[in-house]
Protein chains: 2
Amino acid sequence: MLTQRQLELIEAAIKLTATEGIQKLTIRNVASAIGVSEAAVYRHFESKHELLKAILDHLNAILSPHFTTLLNNEVPSFEALHTFLAELFTLLEHNTAFTLMLFAEETFNVDPQLRGDLLTLMEGNLSHLVLFFQKLIESGSCRSDIEARQLAVITFGSIRLTVSRWHLQGAQTSLTNQAAPIANSLITLFRVP
Amino acid sequence: MLTQRQLELIEAAIKLTATEGIQKLTIRNVASAIGVSEAAVYRHFESKHELLKAILDHLNAILSPHFTTLLNNEVPSFEALHTFLAELFTLLEHNTAFTLMLFAEETFNVDPQLRGDLLTLMEGNLSHLVLFFQKLIESGSCRSDIEARQLAVITFGSIRLTVSRWHLQGAQTSLTNQAAPIANSLITLFRVP
DNA sequence: CCTTTGCAAGTTAACGATGACTAACGTACT
DNA sequence: AGTACGTTAGTCATCGTTAACTTGCAAAGG
């Protein structure tokens with residue numbers, strides 16, 4: 001279980017990454033962000049690896065409920081996809097750190113274990129989408145000539161690209177506003193003709 | 001214009017990034033990859049920034065013809081999209097560096113100018129796709145109830161996500177084999193109903 | 001009730017690696 | 001003679017990490 005201090009460090013690290021970029025995510029900077037010395041961090045995390053792992057877990061804990069909610073609707077509908085995208089984009093816009101963490105594989109790529117963790121997280125999200133589309137196809141409102149997995153990849157890919165571009169542009173525009181056009185396009189494409 | 005030595009350095013840098021990851025892309029490593037001292041690199045590039053910029057340019061020079069070819073077909077067709085994806089994925093598979101460079105924004109994110117360059121590169125590719133879909137819509141074979149821009153984002157996003165996952169998995173599977181399913185799905189979705 | 005013990009959590013001050021980059025110098029070819 | 005291109009040997013900053021010491025508080029023992 002996480003201690004209060006660990007949580008504080010994780011949140012400081014996320015905030016730091018959001019504002020300064022992932023290159024600034026150093027033990028030194030995290031420490032000074034919460035006003036303690038560098039060595040103090042090591043009282044709470046054995047190594048930077050452990051801190052990064054905890055950050056991944058924490059982000060996943062915030063993100064995954066959204067995917068679960070999408071799936072848990074009694075009656076699967078395109079309406080659910082619409083609100084899902086709107087909520088997700090709002091979340092991403094207000095937590096810039098997500099976009100930096102989840103969309104910058106390189107950071108975690110140095111460490112093979114972290115890379116695996118990130119892949120697991122990603123595949124988890126993706127498989128939620130797959131399940132959603134499977135249910136939607138069964139319900140008859142979604143076209144069935146394309147595999148659910150492909151629909152999920154297309155959806156997730158569109159999300160990621162939109163966020164990446166938004167981020168590269170310096171996060172100046174509104175990300176939330178871009179959810180609706182994408183949702184509408186996907187729904188138009190996926191709806192049974 | 002690039003000298004022979006500069007080209008050699010760029011290619012060494014790309015190869016290094018492909019095999020060892022972008023974190024290993026240091027002046028030291030690039031230097032020793034071509035068997036010269038660290039300081040020698042600075043005879044050919046003023047700074048690491050300049051080297052990175054040259055790498056971006058070089059990658060773009062290889063990549064952009066593929067997008068141009070897609071666009072330059074006399075008669076735009078889904079067949080062209082199919083071969084474009086197949087060729088692109090083969091290229092990416094055999095030049096792992098692309099996937100690392102073009103899909104890891106963070107590397108270039110430290111430097112505002114490089115970030116801008118990367119965005120330009122990306123928007124350039126994307127707008128080629130947009131033009132392609134515009135022509136395709138005009139030709140009547142592509143559905144017209146969705147904007148060309150949206151189709152381009154969906155296409156490009158699907159490509160990127162597939163490559164990202166492939167890369168996170170350690171590039172073990174065949175990327176080329178994944179082009180056809182995606183192309184088929186997109187074509188089925190985009191074809192006029 | 002006071003004292004002692006022990007531990008959690010902080011400090012300062014380093015260590016060794018490694019990063020980008022540079023100054024001074026050598027050499028070979030035009 | 002000069003220039004293009006290489007070298008060695010550094011500078012300086014910053015990284016993750018650790019050792020040694022200090023402090024505050026809570027439980028245990030007499």
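A, B, ... follow the sequence lines: proteins, then strands. Residue 1 opens every chain.
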Legend entry - Span of DNA chain D, from the first to the last nucleotide whose atoms fall under 4.0 Å of chain B heavy atoms: D:dC5 to D:dT8
Inset, instruction - Determine, for B:Glu138 against B:Lys135, whether the closest basic-nitrogen to carboxylate-oxygen distance falls under 4.0 angstrom. - result: no
Inset, instruction - Could you check B:Thr3 against A:Ile27 and say which one's nearest nucleotide on DNA chain D is further toward the 5' end? - result: B:Thr3
Legend entry - Atom-to-atom span, OH of B:Tyr42 to C1' of C:dC25 - whole angstrom: 19 Å
Inset, instruction - State yes or no: are the ring centers of A:Phe84 and A:Phe67 separated by less than 6.0 Å? - result: yes
Inset, instruction - Using atom NZ of B:Lys24 as one end and atom P of C:dT18 as the other, report the distance to the nearest whole Å. - result: 10 Å
Inset, instruction - Would you indicate what B:Arg28 reaches in the nucleic acid, counting non-hydrogen atoms under 4.0 angstrom: base, sugar-phosphate, or nothing? - result: base
Legend entry - Exceeds 12 heavy-atom contacts within 6.0 angstrom, atom CD of B:Glu11: yes
Quick one: side chains of residues 186-193 of chain B, donor-acceptor pairs under 3.5 Å with protein atoms, not counting sequence neighbours, listed by atom name and distance.
{"from": "B:Thr188", "atom 1": "OG1", "to": "B:Asn184", "atom 2": "O", "distance (Å)": "2.7"}

Inset, instruction - Report the distance from atom NE2 of B:His49 to atom P of C:dC21, rounded to the nearest whole Å. - result: 10 Å
Inset, instruction - Would you kindly give the CZ-to-P distance between B:Arg43 and C:dT27, to the nearest whole Å? - result: 15 Å
Legend entry - Exercise: do A:Thr162 and A:Gln178 side chains pair donor with acceptor under 3.5 Å: no
Inset, instruction - Find out if a path of hydrophobic residues (ILVMFWY) with successive side-chain heavy-atom gaps under 4.5 Å connects A:Ile137 to A:Val130. - result: no
Inset, instruction - May I have the distance from A:Gln6 (atom CD) to C:dA9 (atom P), rounded to whole angstrom? - result: 9 Å
Inset, instruction - Please name the pair of heavy atoms, one in A:Ala12 and one in A:Ile34, separated by the smallest distance, quoted to 0.1 Å. - result: CB-CG2, 3.5 Å
Inset, instruction - Round to the nearest Å and state the distance from B:Phe45 atom CZ to C:dT22 atom P. - result: 16 Å
Inset, instruction - Name every residue in residues 33-40 of chain A that has at least one heavy atom under 4.0 Å from any atom of DNA chain C, in order of residue number, or write none if there are no such residues. - result: A:Val36, A:Ser37, A:Ala39, A:Ala40
Legend entry - Value rounded to 0.5 Å, distance of CD1 in B:Ile10 from CG in B:Leu51: 7.0 Å
Legend entry - N-O pairing of A:Glu123 and A:Arg149 below 4.0 Å: yes
